[in-house]
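Residue indices begin at 1 and follow the sequence shown. Bear in mind that the values here come from a model prediction, so they are computed numbers and not experimental data.
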Amino acid sequence: MIPLSVLDLSVVTTATKPAAALRNSIDLARHVDGLGYIRYWLAEHHNLASVASPAPDLMIGQIAAVTRNIRVGSGGVMLPNHAPLVVAERFKMLEALFPGRIDLGLGRAPGTDGATAYALRSRLDRREGDDFLERLHELTLWETRDFPPGHPFNNVVAMPDDSPLPPIWLLGSSGYSSELAAQVGMGFGFAHHFATHDAVDAMTSYRAHFKPSPWRQTPNAILAVAAVAAETDEEAEKLALSMDLNRLRRDRGQYLPLPSVEEALAYPYTDAERASITRNRARFFVGSPATVMAKLQPLIAATEADELMIITAVFDHEARKKSYSLLADAFGLGKKEAA
């Protein structure tokens with residue numbers, strides 16, 4: 001069976017304030033650590049009423065401190081929002097404190113709206129256009145120390161200098177992301193849960209064109225999916241109603257806290273909105289463990305994914321924990337741990 005991991009947005013609901021959402025993330029991480037999940041990643045989003053965590057590096061330290069086995073990382077740090085030296089320093093610190101358990105996932109998007117992105121970057125050295133590749137190169141140079149002779153950065157050391165950068169993963173939802181990850185020889189995570197690009201094309205292309213590098217000798221591709229599992233299909237479908245309404249609102253630019261099932265049931269959907277929900281459901285995997293497994297297995301096989309990363313954003317925290325427990329059982333994580 002494929003290894004399982006978690007992508008967490010620290011979801012804010014109409015009944016769960018941001019501070020409580022952050023504590024729920026810590027609680028969920030403890031829970032899945034005991035179930036045998038291998039990785040727990042936290043996203044970076046800004047100015048979104050539905051997402052509590054704008055600083056994954058802070059959450060990584062908190063979660064790594066209260067878990068034992070699971071790797072903890074960013075899914076991801078939005079590199080254009082940060083000076084590469086700052087990212088290098090923070091993740092080298094995390095690696096020093098939790099050696100062998102930290103991941104550095106990097107994204108190209110701002111993780112927010114245009115005004116907030118400007119506020120985040122206005123005091124940085126901004127280049128024109130997409131400067132992600134330039135920033136990525138600089139980030140790696142803080143580790144390799146291959147700055148040109150005479151470059152002023154040769155006199156700057158990213159501390160702590162006795163700890164390496166953790167493994168770097170490039171995250172994306174397009175063909176460009178997979179091509180870049182293959183070209184530079186890094187791990188790749190594909191965001192199927194919101195991508196319009198074909199997951200099979202992105203992930204198989206990454207594997208086919210991967211070039212070994214000092215960062216990674218063999219390709220490693222993570223497939224990130226949105227899934228909700230419950231004891232029955234009916235129960236899971238009910239839990240997913242919150243996601244349906246939330247997605248509908250997001251498509252309109254309304255980034256509100258996750259609604260309750262009751263609010264979603266009472267919402268007066270138009271025919272066009274119901275059609276939009278049906279289209280969006282093509283990205284979701286909802287049902288009993290057996291149903292979710294049956295839906296996921298063809299995609300896992302077609303993408304040749306090395307790992308399945310699951311995001312479950314439901315209104316009730318205990319139902320979310322239960323969903324991860326059911327999927328752990330379905331994928332045999334307990335049996336692996338026992339073996």
Side-chain angles (χ1 to χ4, degrees), residues 41-44 46 55-57 60 71 73-96 102-112 117-118 120-191 197 202-203 205-222:
W41 280 4
L42 300 118
E44 175 188 338
H46 303 271
D57 52 320
I60 289 167
R71 296 187 67 94
S74 54
V77 165
M78 301 296 105
L79 188 55
N81 294 342
H82 309 279
L85 174 59
V86 172
V87 176
E89 289 176 331
R90 291 178 179 176
F91 277 81
K92 285 166 73 71
M93 280 187 66
L94 289 167
E95 182 66 25
I102 304 300
D103 293 320
L104 174 52
L106 300 172
R108 295 169 56 222
T112 189
Y118 179 79
L120 286 164
R121 304 174 185 182
S122 62
R123 300 297 183 229
L124 294 177
D125 178 19
R126 297 186 65 199
R127 284 78 162 179
E128 292 297 325
D130 185 350
D131 64 352
F132 176 79
L133 192 55
E134 183 180 350
R135 289 176 181 274
L136 176 63
H137 186 215
E138 182 182 324
L139 175 63
T140 62
L141 287 173
W142 290 115
E143 179 71 9
T144 63
R145 307 299 307 165
D146 289 333
F147 291 108
H151 195 285
F153 287 175
N154 278 316
N155 297 320
V156 182
V157 176
M159 295 294 288
D161 62 352
D162 62 342
S163 296
L165 276 177
I168 299 176
W169 298 76
L170 300 189
L171 315 178
S173 57
S174 68
Y176 173 84
S177 303
S178 68
E179 292 169 10
L180 179 58
Q183 180 181 347
V184 299
M186 293 178 178
F188 176 55
F190 185 78
H197 190 83
M203 296 188 68
S205 176
Y206 162 73
R207 192 174 301 281
H209 297 98
F210 181 86
K211 297 178 180 179
S213 75
W215 306 102
R216 184 176 297 277
Q217 290 299 300
T218 57
N220 198 335
I222 298 174

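- Of the possible donor and acceptor atoms, one in the side chain of Ser178 sits under 3.5 Å from a partner among the backbone N and O of Gly175.
- Shown here for Pro56 and Glu44, the closest heavy-atom pair between the two residues is CD-CB, 3.7 Å.
- Taking NE2 of His82 as the start and CZ of Arg90 as the end, the distance is 7.5 Å to the nearest 0.5 Å.
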_side chain to side chain contact (heavy atoms under 4.5 Å, CB included) between Thr144 and Trp215, worked out_ = CA-CA 11 Å; Thr144 63; Trp215 306 102; 4.1 Å; yes
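- Closest of all the heavy-atom pairs between Glu95 and Ile102 is OE1-CB, 3.5 Å.
- The shortest distance between side-chain heavy atoms of Leu139 and Leu104 falls below 4.5 Å.
- Taking both residues in full, the closest heavy atoms of Arg216 and Pro167 are given as NH2-CB, 4.3 Å, listed atom of the first, atom of the second, then distance.
- Rounding to the nearest 0.5 Å places CD of Glu134 at 10.5 Å from CG of Leu79.
- A distance of 8.5 Å separates CZ in Phe132 from CE in Met78, rounded to the nearest 0.5 Å.
- Rounding to the nearest 0.5 Å places OG of Ser177 at 5.5 Å from CZ of Arg108.
- In this structure, Leu171 and Ser74 approach most closely via the heavy-atom pair CD1-O, 4.1 Å.
- Within a 6.0 Å sphere centred on NE2 of His151, heavy atoms belonging to other residues, nucleotides or ligands number more than 12.
- Qualifying salt bridge (Lys or Arg N to Asp or Glu O under 4.0 Å) partners for Arg207, counting only residues two or more places apart in sequence or in other chains: Glu304, Asp306.
- Between Phe91 and Val77, some side-chain heavy-atom pair lies under the 4.5 Å cut-off.
- The two residues Thr112 and His46 come nearest to each other via the heavy atoms OG1-O, 2.7 Å.
- Residues Met186 and Leu106 fail the side-chain proximity criterion, which asks for heavy atoms closer than 4.5 Å.
- For the pair Asn220 and Trp169, the tightest heavy-atom approach, listed with the atom from each and the gap, is O-CZ3, 3.4 Å.
- Contact of the Leu170 side chain with the Leu136 side chain is registered, since non-hydrogen atoms from C-beta on lie closer than 4.5 Å.
- With rounding to the nearest 0.5 angstrom, the CG atom of Asp103 is 11.0 Å from the CG atom of Leu42.
- Note that CZ of Phe210 is 12.5 Å distant from CZ of Phe188, once rounded to the nearest 0.5 Å.
- Side-chain contact check for Ser173 versus His197: every heavy-atom pair is 4.5 Å or farther apart.
- Counting only heavy atoms from C-beta outward, the side chains of Trp142 and Lys92 never approach each other to under 4.5 Å.
- At least one donor-acceptor pair closer than 3.5 Å links the side chain of Glu143 to the backbone N or O of Leu165.
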